Engineer: 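Below is one structure. I have some questions about it.
Throughout, a chain's letter reflects where its sequence line sits, starting with A, and its residues are numbered from 1. Because only heavy atoms are used, hydrogens play no part in the values below, and waters and symmetry mates are left out as well, while side chains stay in. All of these numbers come straight from a predicted model, not from anything done at the bench.
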Protein chains: 4
Amino acid sequence: MDFIDYLDSRPIYQQIADRYRQLILTGVMLPDEQLPSVRKLAMELSTNPNTVQKAYAALEREGYVYSVKGRGNFVRANETLKSKQKEEMKGKMIDLIKEIQAVGLNSQELFAEAMEEAAEDDRD
Amino acid sequence: MDFIDYLDSRPIYQQIADRYRQLILTGVMLPDEQLPSVRKLAMELSTNPNTVQKAYAALEREGYVYSVKGRGNFVRANETLKSKQKEEMKGKMIDLIKEIQAVGLNSQELFAEAMEEAAEDDRD
Amino acid sequence: MDFIDYLDSRPIYQQIADRYRQLILTGVMLPDEQLPSVRKLAMELSTNPNTVQKAYAALEREGYVYSVKGRGNFVRANETLKSKQKEEMKGKMIDLIKEIQAVGLNSQELFAEAMEEAAEDDRD
Amino acid sequence: MDFIDYLDSRPIYQQIADRYRQLILTGVMLPDEQLPSVRKLAMELSTNPNTVQKAYAALEREGYVYSVKGRGNFVRANETLKSKQKEEMKGKMIDLIKEIQAVGLNSQELFAEAMEEAAEDDRD
DNA sequence: GTGGTCTAGACCACA
DNA sequence: GTGGTCTAGACCACA
């Protein structure tokens with residue numbers, strides 16, 4: 001249950017936020033479902049409540065979650081999250097394409113090869 | 001000549017390394033060509049020599065550059081750099097594709113849209 | 001009948017107090033009319049009786065309500081409530097005007113625009 | 001020089017952020033001007049560096065400031081800040097107008113009175 | 001020296 | 001019990 005990777009270069013609070021962002025966007029967590037309490041999650045991950053707090057604050061700021069004092073943090077039912085997410089992914093893709101082109105590689109070809117290899121990984 | 005962007009989130013030594021990595025891979029700098037001296041580049045960029053040093057050290061570690069004590073830093077003539085670079089880019093692309101698919105988006109479609117937008121940005 | 005909005009950033013006890021303050025000031029609730037009992041309202045709102053209690057205590061402290069032990073809470077017939085309320089609102093308006101002017105904006109113009117947009121919101 | 005007000009209901013990190021937001025928007029602090037370092041400001045305000053850090057992080061997130069590792073925090077030259085600020089003020093005004101109307105007061109009249117009183121305060 | 005992250009632990013508001 | 005703020009202090013990356 002401990003999904004923190006200390007070898008990961010992302011700070012811990014980021015890893016937590018990324019994790020829950022994903023759970024919400026993939027529909028594993030449903031609107032109004034409660035996230036684990038700050039303290040409980042901190043215990044589970046053997047990390048500090050402040051660190052979890054920082055992750056949850058980011059999620060709230062970004063609109064993934066709403067927090068009710070004395071109650072907990074809950075998944076927000078936000079129709080626009082999906083499209084926001086898509087824009088984010090597109091942004092990353094554009095950056096990568098530019099990086100590829102900047103070094104003189106063919107982004108179309110490289111994408112095709114990457115797709116194949118990604119599919120192979122899945123079959124493993 | 002000052003290519004450092006303080007609004008960029010990457011640390012300065014990274015921006016310098018990224019810059020020269022690119023100059024080398026795109027063939028703007030040729031094998032055995034000399035890089036600017038640490039002090040000179042530090043002056044030009046009004047930054048700390050330590051910072052330039054750190055960038056050059058990274059380039060040497062990665063095999064882009066070789067350093068000759070008392071003489072300077074020079075571009076390495078390494079045929080394999082290109083393919084190594086390509087594998088790196090493909091790796092990034094595969095990661096991104098997986099991330100996109102993990103949230104249930106269509107990577108093919110998103111790539112196509114990103115290509116268009118990247119082209120538009122270029123025309124600006 | 002449940003007017004609590006968990007997405008609202010105000011704490012629940014505040015939302016309850018605000019609600020009844022409004023009902024009283026707008027004349028929907030008349031002098032000596034009885035408020036719902038703490039327990040009943042707590043049930044209706046599926047919230048904690050302590051929370052309702054805290055809201056009622058605030059209303060009593062502010063003079064909107066009087067409580068009779070063993071009987072309940074009742075709207076106070078206070079002629080001065082209206083003008084007190086007006087002074088409060090005016091105070092808020094003055095603070096906001098000063099804030100607007102402090103950053104060099106035209107408060108008159110901004111008020112006019114806000115009035116229009118507020119009216120639009122109503123028509124939705 | 002200590003602008004923190006412990007009687008203020010806003011948390012300390014908010015007061016700090018509000019303060020610098022204002023300094024930037026009113027042009028007291030100019031683009032690329034450096035903010036006091038986290039540690040120095042913490043000393044000056046006899047507060048904790050973490051608290052200042054939290055304020056600066058908020059300012060960066062909102063686009064008022066950019067941070068350079070190992071260098072410091074600097075005012076961002078953002079043309080759009082002004083209009084963003086205006087929207088924020090308008091939002092506050094709209095909320096207040098609705099609140100006023102909700103209790104059956106005349107917002108136009110109340111605004112006029114508030115303007116007068118605000119002007120009087122200035123003459124003091 | 002400068003920013004950023006994290007821990008340990010306290011204390012408050014709220015439900 | 002639940003979230004939010006804050007302090008004291010450590011440690012790391014970067015310039």
Engineer: Is D/E60 salt-bridged to D/R76, cutoff N-O under 4.0 Å?
Structural biologist: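 The answer is no: the pair does not qualify as a salt bridge.
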Engineer: Would you say a side-chain N or O of D/S67 is under 4.0 Å from OP1 or OP2 of E/dT2?
Structural biologist: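 D/S67 to E/dT2 OP1/OP2: no side-chain N or O under 4.0 Å.
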Engineer: Heavy atoms from C-beta onward define the side chain here; which of F/dG4, E/dG3, E/dT5 lies closest to that of D/V38?
Structural biologist: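 Comparing F/dG4, E/dG3, E/dT5 against the side chain of D/V38, the answer is E/dG3.
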Engineer: Which label fits A/Y20 and A/F3: parallel for a plane angle under 30°, tilted from 30 to 60°, or perpendicular past 60°?
Structural biologist: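 The arrangement is perpendicular - the two ring planes meet at more than 60°.
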Engineer: Any side-chain N or O of B/K54 under 4.0 Å from OP1/OP2 of F/dC14?
Structural biologist: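 B/K54 to F/dC14 OP1/OP2: side-chain N or O found under 4.0 Å.
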Engineer: Kindly say if C/N48 contacts the phosphate of E/dC14, meaning a side-chain N or O under 4.0 Å from OP1 or OP2.
Structural biologist: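 For E/dC14, neither OP1 nor OP2 has a side-chain N or O of C/N48 closer than 4.0 Å.
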Engineer: From the list E/dA15, E/dG4, F/dG3, which nucleotide is the closest neighbour of the side chain of A/R71?
Structural biologist: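 Output: E/dA15.
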Engineer: Once you round it to whole Å, what is the distance between P of F/dA8 and CE of D/M43?
Structural biologist: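 Atom-to-atom, D/M43 to F/dA8, this comes out as 12 Å.
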Engineer: Output the rounded distance in Å from CZ (A/R39) to P (E/dT7).
Structural biologist: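 Atom-to-atom, A/R39 to E/dT7, this comes out as 16 Å.
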Engineer: I want to confirm an ordering. Mapping D/L35 and A/I12 to their closest nucleotides on DNA chain E, which one lands closer to the 5' end?
Structural biologist: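 Taking each residue's closest nucleotide, the earlier one in sequence belongs to D/L35.
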Engineer: Roughly how many Å is it from OH in D/Y6 to P in F/dT5, rounded to a whole number?
Structural biologist: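 Taking atom P of F/dT5 as the reference, OH of D/Y6 is at 16 Å.
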Engineer: Whether D/Y13 contacts F/dT5 is assessed here as follows: a side-chain N or O lying under 4.0 Å from the phosphate OP1 or OP2. Is that the case?
Structural biologist: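 Answer is yes, contact under 4.0 Å.
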Engineer: Please state whether the phosphate of E/dT7, meaning OP1 or OP2, lies under 4.0 angstrom from any side-chain nitrogen or oxygen of A/T51.
Structural biologist: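 Checking A/T51 against E/dT7: at least one side-chain N or O falls below 4.0 Å of OP1 or OP2.
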Engineer: OP1, OP2 of F/dT2 versus side-chain N and O of A/S37: anything below 4.0 Å?
Structural biologist: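 Result: yes.
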Engineer: Once you round it to whole Å, what is the distance between P of F/dG4 and CD of A/E60?
Structural biologist: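 For the pair A/E60 CD and F/dG4 P, the rounded distance is 6 Å.
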Engineer: Are OP1 or OP2 of F/dG3 and a side-chain N or O of A/Q53 less than 4.0 angstrom apart?
Structural biologist: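 Checking A/Q53 against F/dG3: no side-chain N or O falls below 4.0 Å of OP1 or OP2.
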Engineer: Does this structure show an ion pair linking C/E99 with D/K92, if we count only N-O contacts that are shorter than 4.0 Å?
Structural biologist: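 Counted as a salt bridge, because a side-chain N and a carboxylate O are separated by less than 4.0 Å.
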Engineer: Roughly, in whole Å, what's the span from CG in A/L41 to P in F/dG4?
Structural biologist: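 About 14 Å, once rounded to whole Å.
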Engineer: Would you say a side-chain N or O of D/N73 is under 4.0 Å from OP1 or OP2 of E/dG3?
Structural biologist: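 So the side-chain polar atoms of D/N73 do come within 4.0 Å of the phosphate oxygens OP1 or OP2 of E/dG3, strictly under.
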Engineer: In whole Å, I'd like the distance from the CD1 atom of D/I16 to the C1' atom of F/dT5.
Structural biologist: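 My rounded result for the distance is 12 Å.
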Engineer: Tell me which of A/Q34 and B/P11 sits closer to the 5' end of DNA chain F, going by the nucleotide each one is nearest to.
Structural biologist: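 Comparing both residues, the 5'-ward one is A/Q34.
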Engineer: May I have the distance from C/I4 (atom CD1) to E/dC14 (atom C1'), rounded to whole angstrom?
Structural biologist: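 In whole Å, E/dC14 C1' and C/I4 CD1 are 13 Å from each other.
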Engineer: Could a donor-acceptor pair under 3.5 angstrom be found where the side chain of D/N50 meets the base of F/dG9?
Structural biologist: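 Such a pair is found, so the answer is yes.
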Engineer: Between A/K90 and A/E87, does any NZ, NE, NH1 or NH2 come within less than 4.0 Å of an OD or OE carboxylate oxygen?
Structural biologist: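 Yes, A/E87 and A/K90 are salt-bridged.
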Engineer: Go ahead and name the base partner of E/dC14; Watson-Crick or wobble counts if both distances stay under 3.5 Å, otherwise write none.
Structural biologist: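 Pairing partner: F/dG1.
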Engineer: Has A/T47 got a side-chain N or O lying under 4.0 Å from the OP1 or OP2 atom of E/dT7?
Structural biologist: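 So the side chain of A/T47 is within the cut-off, an N or O lying under 4.0 Å from OP1 or OP2 of E/dT7.
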Engineer: Run the salt bridge (Lys or Arg N to Asp or Glu O under 4.0 Å) check on C/R21 and C/D18 step by step: do they pass?
Structural biologist: CA-CA 5 Å; C/R21 216 180 281 110; C/D18 286 353; 2.6 Å; yes
Engineer: Can B/Y64 and B/N73 be counted as having a side-chain donor-acceptor contact under 3.5 angstrom?
Structural biologist: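 B/Y64 vs B/N73: no donor-acceptor pair found between side chains.
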Engineer: Rounded off to whole Å, could you give me the CZ-to-P distance for the A/R10 and F/dA13 pair?
Structural biologist: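 The distance from CZ of A/R10 to P of F/dA13 comes to 18 Å, rounded to the nearest Å.
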